[in-house]
Amino acid sequence: MDKIVSLAKRRGFVFQSSEIYGGLNGCWDYGPLGVELLNNVKQAWWRTMTLRDDIEGLDASILMHPRVWEASGHVANFTDPMVDCKSCKARYRVDVLMEELSVKKKKDVLRGLFPQEFAGQLQDEKVLEEFTQRISTDETIAQVIQTLVPCPNCGNKATFTEARQFNLMFKTFVGPVEDTNSVVYLRPETAQGIFVNFLNVLNASRQRPPFGIAQIGKAFRNEINTKNFLFRTREFEQMEMQYFVKPGDEDTWFEYWREARMKWFLDLGMKPEKLRWHKHEKLAHYAKAAFDIEFEFPFGWGEVEGIHSRTDFDLSRHEEYSGKSMKYFDDQTKEKYTPCVIETSIGASRSFMAFLTAAFDEEMAATGEGGEEMRTVLRFHPKLAPMKGAILPLVNREGMDEQARVIARDLQKYFRVFYDDSGAIGRRYRRQDEIGTPYCFTVDSQTLLDQTVTVRDRDSMRQERIAADQIKSYLFDRVAG
RNA sequence: GCGGGAGUAACUCAGUUGGUAGAGUCACAGCCUUCCAAGCUGUUGGUCGCGGGUUCGAGUCCCGUCUCCCGCUCCA
């Protein structure tokens with residue numbers, strides 16, 4: 001992990017935000033090569049999603065009407081009451097504490113609060129039922145937590161602080177007056193921008209279910225902890241596609257998108273053994289089925305994409321909260337229904353880091369003198385590589401450098417290519433290896449005779465000779481699309 | 001948030017009981033060079049994370065704080 005962070009910094013992929021002021025926790029900036037890689041990841045996704053008949057693009061605003069987040073459930077569910085143990089400093093979510101209480105403990109709690117009523121024998125089912133019923137308000141929960149529940153860590157009772165609310169949504173104000181009427185949130189996910197535009201897109205694009213809406217954009221969550229480089233940050237970018245289908249068809253489409261999304265990673269050169277499925281056993285309130293694609297990062301397996309079957313929850317809720325009908329009327333079958341949603345939601349920063357760490361390789365390579373040396377190489381898929389090619393004059397004599405510059409300038413109309421004439425040729429190859437440039441084109445003395453150049457492949461280090469005027473199509477074949 | 005480790009040049013790191021901040025790499029300029037880096041010469045580059053304190057004097061000792069990494073916790 002340190003190697004990745006260090007290379008990322010040294011070669012200009014990722015810098016710490018506000019570094020000269022000591023940095024800001026969990027915030028990162030993309031440098032010259034990083035922004036190219038990130039854009040290539042986003043472009044690969046965007047093209048896969050939108051170069052087809054049934055998916056439309058969208059770019060919704062980050063600030064949205066506050067009611068959106070009431071409808072989505074974020075105001076209610078994105079708030080976690082937390083308590084700290086004053087004795088051992090451990091911190092817990094109140095709902096987790098309550099959930100993890102054993103039946104016996106719950107019985108104790110009931111007897112503690114209502115000594116007369118629960119004095120005698122008690123069935124376990126009765127305990128659970130009564131507990132859920134009686135310990136339901138914020139007040140009773142607070143009372144229980146602060147008097148009767150022992151800290152799971154140190155075992156002490158009555159050591160918890162009062163519950164404090166941690167809302168993971170960033171709050172800000174619209175307009176000059178900072179009062180409760182002007183509160184808005186930075187969106188904690190991009191999906192709602194799609195749902196609230198469902199009718200707009202439907203009507204403007206003449207689509208009919210099944211169809212999808214794709215969006216790439218930033219989202220914000222005021223996480224308690226950030227972690228693992230780009231993996232968990234407070235500001236992040238999502239690439240989301242919500243696919244609207246007729247109720248009853250959602251399982252078929254769910255399988256379709258699971259397969260399609262896994263294929264996307266594999267087509268971009270990801271090794272199958274670095275990816276796995278994780279099935280959600282405990283589903284969120286809106287979900288019917290949920291699978292994550294996990295990647296094996298240096299710190300362990302972590303989610304890079306979620307494929308969720310969200311039922312008609314989202315559209316129904318917005319119908320309820322906005323009073324606008326979100327139903328679709330099918331002219332052919334004369335049916336009226338609220339579409340179900342299949343969501344594919346991938347983290348741009350997370351997949352950036354996945355592609356970067358997957359590409360990282362160190363190997364022993366032969367040197368000119370017959371020895372061996374460590375070679376650092378980023379094996380990006382050519383579509384993702386920040387630099388598509390390097391143009392290198394073998395020596396700066398006999399017009400080789402001028403010729404190479406002409407070639408580079410011509411290619412730069414179409415591709416990000418790098419011209420380099422400083423240092424030994426082997427050294428320049430290694431420099432390109434380290435930033436993952438897939439092809440190096442070298443101008444040598446033969447170029448001056450017959451207008452051919454050598455192409456050196458990053459991974460095999462082998463060379464072939466092609467005509468200089470073929471470089472453009474050579475690159476198009478390999479990096480476009 | 002808790003516990004542990006770390007922070008000195010763009011990168012990797014030295015820096016002795018407190019006494020004028022160093023090396024290698026990188027970058028830049030020039031030389032050399034006809035295919036797999038680290039030849040030669042020169043140059044640039046440091047608020048020692050930040051802020052206090054002790055001291056004649058702090059990279060070094062003390063306090064606070066920020067950031068990163070590892071483990072736990074958390075992740076509608």
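This is a predicted model, so every value here is computed, not measured.
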### Message
For a quick check of understanding: with a heavy-atom distance under 4.0 Å over all strands, which category does A:Y21 fall into, base, sugar-phosphate or nothing?
### Response
nothing
### Summary
Comparing nearest nucleotides in RNA chain B, the 5'-proximal residue of the pair A:V5, A:E223 is A:V5
### Task
Using a heavy-atom cut-off of under 4.0 Å over every strand shown, decide if A:Q463 touches base, sugar-phosphate, or nothing.
base
## Note on the structure
A:D420 atom CG is separated from B:rC36 atom C1', nearest whole Å, by 14 Å
### Task
Record whether the side chain of A:T454 comes under 3.5 Å of the base of B:rC35 through a donor-acceptor pair of N or O atoms.
yes
### Query
Using a cut-off of 4.0 Å on non-hydrogen atoms, how would the nucleic acid contact of A:L7 be classed: base, sugar-phosphate, or nothing?
nothing
### Query
Touch check for A:R456, heavy atoms < 4.0 angstrom, all strands: base, sugar-phosphate only, or nothing?
base
### Task
Tell me what A:T442 touches on the nucleic acid: a base, only sugar-phosphate, or nothing, going by heavy atoms under 4.0 Å.
base
### Message
Regarding A:G302, tell me which of base, sugar-phosphate or nothing describes its non-hydrogen contacts under 4.0 Å with the strands shown.
### Response
nothing
### Query
Would you call A:E294-A:R276 a salt bridge at under 4.0 Å N-O?
yes
### ring-ring contact (aromatic ring centres under 6.0 Å, His included) assessment of A:F231 paired with A:F229
CA-CA 6 Å; A:F231 189 75; A:F229 197 31; over 10 Å; no
### Task
Please indicate whether A:R234 has more than 12 foreign heavy atoms, meaning atoms of other residues, nucleotides or ligands, lying under 6.0 Å from its CZ.
yes
### Task
Remember a base hit wins even if backbone is also touched, and classify A:N228 as base, sugar-phosphate or nothing at under 4.0 Å, heavy atoms.
sugar-phosphate
### Task
Quick one: label A:E189 by what it contacts on the DNA or RNA (base, sugar-phosphate, nothing), any heavy atom closer than 4.0 Å.
base
### Query
Between A:H318 and A:F195, how do the two ring planes meet: parallel, tilted or perpendicular, split at 30° and 60°?
tilted
### Task
Under 4.0 Å between any heavy atoms, over every strand shown, what does A:N225 touch: base, sugar-phosphate, or nothing? Just pick one.
base
### Task
For the side chain of A:K227, starting at C-beta, report the closest nucleotide among B:rG71, B:rC11, B:rC68.
B:rG71
